[in-house]
Participant: 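First the structure, which I've put down as structure tokens, then a few questions once you've had a look.
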Protein chains: 2
Amino acid sequence: MVPIQERRERERAERHRLIVDAARELAEAEGWDAVTTRRLAERVEYSQPVLYSHFKNKDAIVRAVALQAIGDLAERMRAARTAHRSPAKALRALADAYLDFAATRPALYDAMFVREVDLSFGTAESPPELRAAFGELVAVVEPFAGDDDVETLTEVLWSALHGQATLNQGRRLRPDHHRARVEVLLSRFC
Amino acid sequence: MVPIQERRERERAERHRLIVDAARELAEAEGWDAVTTRRLAERVEYSQPVLYSHFKNKDAIVRAVALQAIGDLAERMRAARTAHRSPAKALRALADAYLDFAATRPALYDAMFVREVDLSFGTAESPPELRAAFGELVAVVEPFAGDDDVETLTEVLWSALHGQATLNQGRRLRPDHHRARVEVLLSRFC
DNA sequence: TCGGATGTCTAGCACTGCTAGCATCGAGTG
DNA sequence: CACTCGATGCTAGCAGTGCTAGACATCCGA
């Protein structure tokens, strides 16, 4: 391999990272509506067409941000889960970590699970970040499955958390009862 | 009141209804992306500015569609609930009605609970359709509250249903396990 | 029949995502 | 060293978006 080509590929990868980071920062600071191709290009100090030499379209950029964020969430869930021996405490810690992530980084949560970015869920070729995140949920749910199918129960828990996360974000649930909702969910779930 | 003015108000109200209906039909047929002010104006056979003499902006039109749909959902939930004497059967019927509505009319469900249309939830001056819908949930949950706060438990159930509805719509749950998820949720909930 | 208010439309603004086509620059060859 | 030629990034522009100013017509009451 010619070293010049290697250098170019390095620079290309670096710029790729730059674009994704800029999109994430802009979205977190001002919401996804503020993430236009023009503002993004200005931010990375290149012209608009450069974005399209890295990504097929704007959705692909959002998708890249979402995937990175899902990886981050998976790590946090793992940390929460492994910090406790008791299955019940692990479950509570993971639920808190999940809802805390959604509440403190709403733009990222939107990109991950609300906007239509079809990240090819479920299928065999799901991205590893997705599989890792779902795996954390499965691991924490498993002790409580009983006669129920573990994956089904996991989907039910995930849905319950996702519902609270999104309805919280839309201010459709009483904010001062957040703790109570989590406790009720867990008490019925275990 | 001058009869001419009355006639004009009647015609205005009729056109208002026409716009909302056209927006709903277009959204259900081709998704909200297809609902542009131009296409909407063309559909009701008026020019764009006419829309703005009825609604402050496009969001207000979406909001009107959402409110109508919430009223419809409330009716369906009421019918499902009152069709059964047993609290458990009433709960299952209501859950099925809710998820069926979300699955068969995804565009409407989006407008109601996913898009940011801030319909002023929770507050005292919530629209009656919203209060009616939430009231149906409260009524069906009440027999299962036990020591838990009824409203809190209702919010938890709603979140669980909402989570399944949205994740189903995004094809993020296994489609052929839908029934099993509902049963698991209800069995843990009661 | 006329004046004025009411209603509607045409035309346009500032913005969006995206792309065609043109410079410019640098690497490899004679 | 000179030169070609391909890669790279830019300018400019297209078609579409939500929304609005201002011209125009139409109809009512006097």
Participant: Round to the nearest Å and state the distance from Ile61(A) atom CD1 to dT16(C) atom C1'.
Facilitator: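 These atoms are roughly 14 Å apart.
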
Participant: Send over the distance from Trp32(A) CH2 to dG17(C) C1', rounded to a whole Å.
Facilitator: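 So the CH2-C1' distance, Trp32(A) to dG17(C), works out to 15 Å.
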
Participant: Applying side-chain contact (heavy atoms from CB on, under 4.5 Å), can you list everything that pairs with Ala64(B), at least two apart in sequence or on another chain?
Facilitator: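 Only Val20(B), Phe55(B) meet the side-chain contact (heavy atoms from CB on, under 4.5 Å) criterion with Ala64(B).
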
Participant: Holding to side-chain contact (heavy atoms from CB on, under 4.5 Å), I want the full list of residues that pass it with Asp21(B), two or more places apart in sequence or in another chain.
Facilitator: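 Here the qualifying residues are Arg17(B), Arg24(B), Glu25(B), Gln68(B).
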
Participant: Tell me what Arg12(A) touches on the nucleic acid: a base, only sugar-phosphate, or nothing, going by heavy atoms under 4.0 Å.
Facilitator: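 Result for Arg12(A) = nothing.
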
Participant: Nucleotide by nucleotide, 5' to 3', does protein get under 4.0 Å of the base (B), only the sugar-phosphate (S), or neither (-) in nucleotides 11-23 of chain D, counting heavy atoms?
Facilitator: B-B---BBBBB--

Participant: Looking at residues at least two apart in the chain, or sitting in another chain, which of them share a side-chain contact (heavy atoms from CB on, under 4.5 Å) with Arg15(A)?
Facilitator: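 Counting only residues at least two positions away or on another chain, Arg15(A) forms a side-chain contact (heavy atoms from CB on, under 4.5 Å) with Arg12(A), Tyr46(A), Val50(A), Ser53(A), His54(A).
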
Participant: How many whole angstroms separate atom NE2 of His54(A) from atom P of dC10(D)?
Facilitator: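 Computing the His54(A):NE2 to dC10(D):P distance gives 11 Å.
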
Participant: Could you report the tightest heavy-atom contact between Leu157(B) and Val141(B), atom names first, then the distance?
Facilitator: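 Nearest heavy atoms, Leu157(B) then Val141(B): CD2-CG2, 3.4 Å.
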
Participant: Using the test side-chain contact (heavy atoms from CB on, under 4.5 Å), find all partners of Arg78(A) that sit at least two apart in sequence or belong to another chain.
Facilitator: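 Checked Arg78(A) against side-chain contact (heavy atoms from CB on, under 4.5 Å); matches are Arg81(A), Thr82(A), Glu136(A).
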
Participant: Pairs of donor and acceptor atoms involving the side chains of residues 87-96 of chain A, under 3.5 Å and at least two apart or interchain, shall be tabulated with distances.
Facilitator:
| unit_1 | atom_1 | unit_2 | atom_2 | d |
| --- | --- | --- | --- | --- |
| Arg92(A) | NE | Glu183(A) | OE2 | 3.2 |
| Arg92(A) | NH2 | Glu183(A) | OE1 | 2.5 |
| Asp96(A) | OD1 | Arg179(A) | NH1 | 3.3 |
| Asp96(A) | OD1 | Arg179(A) | NH2 | 3.3 |

Participant: Would you mind reading off the distance between Tyr46(A) atom OH and dA7(D) atom C1', rounded to a whole angstrom?
Facilitator: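 Computing the Tyr46(A):OH to dA7(D):C1' distance gives 15 Å.
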
